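Reviewing the structure listed below.
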There are 2 protein chains.
Amino acid sequence: MGRGRVQMKRIENPVHRQVTFCKRRAGLLKKAKELSVLCDAEIGVVIFSAHGKLYELATKGTMQELIERYGKYTGGPPADEPMVEPMDAKKEIEMLKQEIEILQKGLRYMFGGGCEYMSLNELLVLEIHF
Amino acid sequence: MGRGRVQMKRIENPVHRQVTFCKRRAGLLKKAKELSVLCDAEIGVVIFSAHGKLYELATKGTMQELIERYGKYTGGPPADEPMVEPMDAKKEIEMLKQEIEILQKGLRYMFGGGCEYMSLNELLVLEIHF
DNA sequence: GTCTATGTATAAAA
DNA sequence: TTTTATACATAGAC
């Protein structure tokens with residue numbers, strides 16, 4: 001890239017190093033975004049500069065979520081709490097939403113006043129829910 | 001890169017997508033290594049393929065260490081997350097339950113056929129929910 | 001995988 | 001910064 005080959009070792013000149021860091025950091029993050037979009041992958045990049053400053057990128061959600069997914073993948077649950085509780089909460093939310101759908105369907109049916117929107121079976125199911 | 005421009009959107013052809021994923025993934029990891037060496041930075045890259053397979057790179061130590069450093073940097077106690085998220089979930093559950101109550105009340109009213117169980121105001125509120 | 005033509009990234013310079 | 005010359009990455013074809 002550019003005029004002259006690059007030795008794969010730490011750039012000693014601090015100015016050159018800083019300039020290269022900025023340029024390549026931008027390039028790396030761009031490439032990561034592209035890969036994520038083109039291939040539908042979830043990617044996280046974390047960069048700590050030599051001076052300790054953080055640069056990060058997370059495609060598809062937050063870095064925290066990605067870290068959790070990473071933890072899940074690499075080995076069993078590193079912490080039971082964060083694994084079990086959100087699962088239960090999500091499940092409960094899902095069930096509640098389903099119930100709401102059923103109730104809404106029932107109401108639409110009642111207001112509409114016709115059976116065309118609801119089968120007898122669905123009506124029976126509805127009875128259970130109110 | 002290569003013969004022809006690339007649209008920055010998901011590659012639909014699964015074969016092309018897989019090939020591109022392999023090539024660009026290798027490229028991304030190489031770039032990350034180079035940046036780390038040239039500029040003395042600590043870098044972590046996590047890639048979940050569309051199929052859920054994990055690819056990772058951590059320069060200067062393990063990914064776990066990097067994640068810990070990240071957690072330290074982003075905001076002291078990582079214990080914040082497990083506190084906030086369950087709160088949101090509980091809030092959502094509460095709201096969903098409230099909605100269910102409203103819908104159930106509406107259904108009881110409709111089936112009962114009388115206004116005695118529901119004020120006009122409550123009826124108006126109900127309308128919003130279905 | 002390997003091979004190329006071509007598009008990109010970027011080192012150096014301005 | 002912006003420009004430029006080159007090295008590099010990679011899409012498409014085997």
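In the text below, chain A, chain B and the rest are named by the order of the sequence lines, each starting its count at 1. All of these numbers come straight from a predicted model, not from anything done at the bench.
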Original post:
Once you round it to whole Å, what is the distance between C1' of dA12(C) and CG of L38(B)?
Top reply: 15 Å
Original post:
Salt bridge or not for E12(A) and R10(A), using N-O below 4.0 Å?
Top reply: yes
Subject >> Atom pair distance, as rounded to whole Å: CZ in R17(A) and C1' in dA11(C) >> reply: 16 Å
**OP:** With sequence neighbours excluded, give me every side-chain hydrogen bond (donor to acceptor under 3.5 Å, both in side chains) pair touching residues 15-30 of chain B.
**Re:** E34(A)-R24(B)
Could you tabulate the donor-acceptor pairs under 3.5 Å formed by side-chain atoms of residues 53-61 of chain B, not counting sequence neighbours?
{"unit_1": "E56(B)", "atom_1": "OE1", "unit_2": "Y70(A)", "atom_2": "OH", "d": "2.6"}
{"unit_1": "E56(B)", "atom_1": "OE2", "unit_2": "Y70(A)", "atom_2": "OH", "d": "3.3"}
{"unit_1": "T59(B)", "atom_1": "OG1", "unit_2": "S36(B)", "atom_2": "OG", "d": "3.1"}
{"unit_1": "T59(B)", "atom_1": "OG1", "unit_2": "I43(B)", "atom_2": "N", "d": "2.8"}
{"unit_1": "T59(B)", "atom_1": "OG1", "unit_2": "I43(B)", "atom_2": "O", "d": "3.4"}
{"unit_1": "K60(B)", "atom_1": "NZ", "unit_2": "D40(B)", "atom_2": "OD1", "d": "2.7"}

Original post:
Which heavy atom of I93(B) sits nearest a heavy atom of A89(A), and at what distance?
Top reply: CD1-O, 4.2 Å
Subject >> SB check K90(B) E92(A) (cutoff 4.0 Å) >> reply: no
Original post:
How does protein reach along nucleotides 1-9 of chain C, written 5' to 3' as B (base within reach of a heavy atom under 4.0 Å), S (only sugar-phosphate), or - (no contact)?
Top reply: ---BBBBSB
Subject >> side-chain hydrogen bond (donor to acceptor under 3.5 Å, both in side chains): pairs with one or both residues in residues 41-51 of chain B, sequence neighbours excluded >> reply: E42(B)-R69(B)
Original post:
What heavy-atom pair brings A41(B) and F21(A) nearest, and what distance separates the two atoms?
Top reply: CB-CE1, 3.9 Å
**OP:** Please give the angle, rounded to 10 degrees, between the axes at the start and the end of the helix from dG1(C)-dC14(D) to dA14(C)-dT1(D), where five pairs define each axis.
**Re:** 30°
Original post:
NZ/K97(B) to CD/E101(B) distance, rounded to the nearest 0.5 angstrom?
Top reply: 10.0 Å
**OP:** Identify, with sequence neighbours excluded, every residue that meets salt bridge (Lys or Arg N to Asp or Glu O under 4.0 Å) alongside K33(B).
**Re:** none
Original post:
Whole-Å distance between dT10(C) C1' and R25(A) CZ?
Top reply: 15 Å
Subject >> Span of DNA chain D, from the first to the last nucleotide whose atoms fall under 4.0 Å of chain B heavy atoms >> reply: dA9(D) to dG12(D)
**OP:** Any chance you could measure L96(B), atom CG, to M95(A), atom CE, to the nearest 0.5 Å?
**Re:** 12.5 Å
